[in-house]
Amino acid sequence: MTGSAFSRTFFILLNPMKIDILTLFPAMLDGFLAESMVGRARETGLLDLKVHNLRDWARDKHKVTDDRPFGGGAGMVLKPEPLFDAIEALRSPVSKTIFLTPDGESLTQGIAEETSGEEHLILLSGHYEGIDQRVRDELVDREISIGDYVLTNGTLAAAVLVDCFSRFIPGFLGEEKSLTHESFTDNLLDFPQYTRPANFRGLPVPEILLSGNHKQIDKWRHERRIELTECRRPDLFSKSNESHR
Ligand code: ADE
């Protein structure tokens, strides 16, 4: 580790990124927090991540957090009171509140990198038909979707967002691993990887990878990235430099 990387990591350990996840289903995150690199980052003090049950802010004795929508229609809507109480209790002037919702802006590597620079995030997971619009209007800074499909609630989406942006926090990936050559940073998908044995069940590894010729290997890998992206993700390919050559 270089001197500047060391002092950056040291600074981050003294000022861990604070994350509060608000959900009705906190147990959904147990495995994620216990097993993953995010779990390790919590243990080592790189992340100060807490999960809160929204029900703890319900005001009545039955701990009700939702109600029928005004105007009619199917499903239930999360009530404003517990959400206002929870967010107002957790936030400070530096906090950013993100609502996970299928109608938010689509999560990208760029958004993940931006988010990793925040001091304190409150991640709000909705459920069923949504949350009272006044919460979105008054308390939410950003709305993010993890893809064009609808989950039963935003808890897994919050986990996806945390997992994704944590990789940009210096020190998170262990040895200062470079993020520059992976999928999406240059709008090209990653090249195929192989490891030992060189021949498995009669399936050989491409000869070039065994040659030791790193210039040729880099060329081969780059060609595979172009081929893959053009075929699977023409939308990404048209944004890459390769499509303008
Ligand atoms: N909640 C339900 N579906 C979601 C999605 N696709 N992204 C973020 N939050 C969600």
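For ligands, and for the atoms within them, numbers begin at 1 and follow the listed sequence.
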*Asks:* Is it the case that over 12 heavy atoms from other parts of the model lie below 6.0 angstrom from the CD atom of Glu207?
*Replies:*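 For Glu207, atom CD is not crowded (no more than 12 foreign heavy atoms under 6.0 Å).
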*Asks:* Counting N and O atoms only, with roles assigned by atom type, does the side chain of Thr229 sit under 3.5 Å from a partner on the main chain of Leu189, one being a donor and the other an acceptor?
*Replies:*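 Confirmed, Thr229 side chain pairs with Leu189 backbone.
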*Asks:* Decide, yes or no, whether a salt bridge links Glu118 with Lys18 under the criterion of side-chain N to carboxylate O below 4.0 Å.
*Replies:*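 No.
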*Asks:* Evaluate whether atom CG of Asn199 has more than 12 neighbouring non-hydrogen atoms of other residues, nucleotides or ligands under 6.0 angstrom away.
*Replies:*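 Count over threshold, so yes.
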*Asks:* Would the distance check show the side chain of Ser95 and the main-chain N or O of Ser92 forming a donor-acceptor pair, the cut-off being under 3.5 Å?
*Replies:*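 Yes.
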*Asks:* What do you reckon, is CD of Glu119 surrounded by more than 12 foreign heavy atoms closer than 6.0 Å?
*Replies:*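 No, because the 6.0 Å sphere around CD of Glu119 holds 12 heavy atoms or fewer from other groups.
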*Asks:* I'd like a table of the close N/O pairs between ligand 1 and the protein (anything under 3.5 Å), one pair per line with both atom names and the distance.
*Replies:*
| unit_1 | atom_1 | unit_2 | atom_2 | d |
| --- | --- | --- | --- | --- |
| ligand 1 | 3 (N) | Leu151 | N | 3.0 |
| ligand 1 | 6 (N) | Gly147 | O | 3.1 |
| ligand 1 | 6 (N) | Tyr149 | O | 2.8 |
| ligand 1 | 7 (N) | Ile146 | N | 3.0 |
| ligand 1 | 9 (N) | Thr101 | N | 3.2 |

